[in-house]
Every structure is written in C-alpha cells, then in structure tokens.
Number of protein chains: 2
Amino acid sequence: MQSVEKFRAFLRVKSLRVTPVREAIVKAVVTRKGHFHIDELVRDLRGKGVDASRATVYRSLPLLVEAGLVQPTIVSGNGHYYETAVGHEHHDHLVCSECDKVVEFQFEAFEILQREVAAKYGFELTSHFHELIGVCPECQGRQAHEN
Amino acid sequence: MQSVEKFRAFLRVKSLRVTPVREAIVKAVVTRKGHFHIDELVRDLRGKGVDASRATVYRSLPLLVEAGLVQPTIVSGNGHYYETAVGHEHHDHLVCSECDKVVEFQFEAFEILQREVAAKYGFELTSHFHELIGVCPECQGRQAHEN
DNA sequence: GTAGCTGCAAAGAATTTGCAGTTCT
DNA sequence: AGAACTGCAAATTCTTTGCAGCTAC
C-alpha cells in the first residue's frame, strides 16, 4: 500500500488533509488497476461500504493526478476516464469502435519519436494522449458475416 | 467548393437530403480550415446570416465525419473539437498546457508505426488521436522568469 | 479552534431528443 | 405524397458549486 503513503506525503506537502474518504479513493483506484470512469469508481467505493459522494470523487481525482497516481485517458467517447499510473508500464490504447474493447500496447519507438518532435518545437513534454481507433478482429468477422 | 460536392455525393449515396443548412455547414467548416469547437461553428454560421440551430449542427457533424470532411480532435479539455480534414495534410498536435497554444506537426514515422501496431493486434485502423502535452518555449521562459 | 473536508442538493454546461411544421425528391 | 430535415424547447448526462455541518491537525 505504498500508493497510499505516497498520497499522504503529497497531501502533507500541500498542507491538505489526510482523510478516510481520500484514502479510500486511493485504495479503490489502485485496486482497479486499469481504466475506469468516475462512475465506476463511485460504484466500487459503494461496494466497499464507503459512501463517498460523486462530488468528492470529482474533487479528489485532480489531486491524484497531481500526485502522479493516476493519469487521464481518453478511451473515446464522453466523460472523463482515468487509469492507474502505478505498477503499470506506460502504454497507449487501441480501441475498437464497434465494441469499445480496449487493448493496451507499448511501443518504445513512439516515446522516442515523441520526444524528438517535442524537442524540435522547443516544447518540454509532460504527457500525451495516444489512441488508435479501429475495428478489432472479432468485429471484423461479425461485419463480414453480416454481408 | 469541391467539398460541398463531395458531401452532396455522400448524402445521395446514403439517401439523405441535400439541404441549404447542411451545405452552409460544410462551407463554414471548410472555410475555417483549422480546429473548431461546435459553438464557434454556430457563431460562424450566424455571422454568415445562416441561422442553423445548435441541434442541427450537432446532428450534422457526425455526417461530415462519416463523409471524411472533418475529423474529431481532442485539443485537451472538454467538449467536442473537430477540424477540417480536407486540403490539409494529416497531422497531430502539440499542445501547451500553460497557454493552450496548438502546434501541428506531421511525422510520417508515426503513421507507419501505428499501422504496424494495429496489424500486430489484427485491428483495422480507421483513425487515431495523438496529442502531445507540454510547455511551449514562451511559457518555459515565462516560468523561469517567475522564479 | 479553525481551515479544510464532506455530502447534499442545486446549478451549470454540453449534448441529445421529441415534436410539430417545413422542405427536398 | 412522404420520408427527411429543422428549430425549438425540454430532457439527459456529466461535472461543478454553495452551503451547513463535521473533522483532521
């Protein structure tokens, strides 16, 4: 549970308070280890008997992002998606536009090129969104079948 | 105005109707030649004396996307952003998190790698989001100055 | 004790939908 | 004529805010 410790340290540095609700949120997040929508997180918390209100979760996530525990993602569509950033190598997403399946991939070459592009324009790179949209093998089969 | 022609053809194939409002939307879009938010488009239309309701614009944009005239983008933050896809080489974005400046870049190597990744997982690639977030040179200077 | 949290309910913002009237084909 | 489109207003959905009471420090 070093994530919780990390978050506590972050809060102290910022002179913010360490509260049971915040810790519960961090635990729920790291337990999820994957992508999640805010609503799913709220449901997870309910399941654990923690009654954190949606408002509080909305107010907490930016803190977790700032603390480096989660990162925002896209996963096409609406709403804010996030995903755990710890114990999780950096990766990007391949999303099926038919069934919304998400496949993670990791490709060192992208990182290198990104740094190169940023350098070319003098930007100091802090993060990125990278998502490939397509049709997964299963859905391709389904489509072929329909015709 | 070949974009308008292209859109008409698209509508006919789909047995949808060619209407003045739709044509006005296409014209406004190609005139913009850049990123835009739906609201800006509505404002542009008002400026041209076309009184398209927001609802109609919301209903039309997916059609323009399907016709390949515009593509959705992110340009961090909320709301749906789009950008013209014609007369415009394919490119991605470098966004400054401080001042929201957007720099477009084009890097063939990314496209190649993306196709490679998609192939590896059997996906048929249809589009992608790729946005690098960082701090632009000007804002870096400003920050250094503040300290 | 007090600044900072929390939950609740209300407010906002962005997008979608239902419907009645209008228009393309 | 008839299916499709349009604008309007209402409905949804997602997120933020105001506030009164509670809690960590």
Round to the nearest Å and state the distance from B/Leu61 atom CG to C/dA14 atom P. 16 Å
B/Phe10 atom CZ is separated from D/dA4 atom C1', nearest whole Å, by 15 Å
Applying salt bridge (charged side-chain N to carboxylate O under 4.0 Å, His left out), name anything that partners A/Lys48, two or more places apart in sequence or on another chain. none
So which protein N/O to nucleotides 22-25 of chain C N/O distances come out below 3.5 Å?
{"from": "C/dC24", "atom 1": "O3'", "to": "B/Val18", "atom 2": "O", "distance (Å)": "3.3"}
{"from": "C/dC24", "atom 1": "O2", "to": "B/Arg17", "atom 2": "NH1", "distance (Å)": "3.4"}
{"from": "C/dT25", "atom 1": "OP1", "to": "B/Val18", "atom 2": "N", "distance (Å)": "3.2"}

Salt bridge (charged side-chain N to carboxylate O under 4.0 Å, His left out) with B/Arg54: which residues, sequence neighbours excluded? B/Asp39
Would you tabulate the pairs of protein nitrogen or oxygen atoms and nucleotide nitrogen or oxygen atoms of nucleotides 8-11 of chain C closer than 3.5 angstrom?
none

Those residues at least two apart in sequence (or on a different chain) that pass ring pair (Phe, Tyr, Trp, His ring centres under 6.0 Å) with A/Tyr121 are none
Which pairs count as salt bridge (Lys or Arg N to Asp or Glu O under 4.0 Å) when at least one residue sits in residues 108-118 of chain A, sequence neighbours excluded? none
Residues forming a ring pair (Phe, Tyr, Trp, His ring centres under 6.0 Å) with A/Tyr58, sequence neighbours excluded: none
Pair B/His91, B/Glu83: side-chain N/O donor-acceptor within cut-off below 3.5 Å: yes
Separation of atom CG in A/Leu63 from atom C1' in C/dT6, rounded to whole Å: 14 Å
How many whole angstroms separate atom CD1 of B/Ile25 from atom C1' of D/dT6? 10 Å
Measure the angle between the two terminal helix axes of the helix from C/dG1-D/dC25 to C/dT25-D/dA1, five base pairs each, and quote it to 10°. 30°
Taking only N and O in the side chain of B/Tyr58, is any of them less than 4.0 Å away from OP1 or OP2 of C/dT15? yes
Kindly write out the residues that satisfy side-chain hydrogen bond (donor to acceptor under 3.5 Å, both in side chains) with A/Thr19, not counting sequence neighbours, or none if the list is empty. none
Under the salt bridge (charged side-chain N to carboxylate O under 4.0 Å, His left out) test, residues paired with B/Lys120 that sit two or more places apart: none
Below 4.0 Å: OP1/OP2 of C/dG7 and any side-chain N or O of A/Arg54: no
Of B/Ser15 and B/Thr56, the one whose closest DNA chain D nucleotide lies more 5': B/Ser15
Heavy-atom nearest nucleotide on DNA chain D taken for A/Ile38 and for B/Leu11; more 5' hit belongs to B/Leu11
Would you call the rings of B/Phe10 and B/Phe7 parallel, tilted or perpendicular, where under 30° means parallel and over 60° means perpendicular? parallel
To the nearest Å, give me how far apart CZ (A/Arg22) and C1' (C/dC5) are. 6 Å
Sequence neighbours excluded, which residues qualify as side-chain hydrogen bond (donor to acceptor under 3.5 Å, both in side chains) partners of A/Arg46? A/Asp51
Who passes salt bridge (charged side-chain N to carboxylate O under 4.0 Å, His left out) against B/Arg32, sequence neighbours left out? B/Asp44
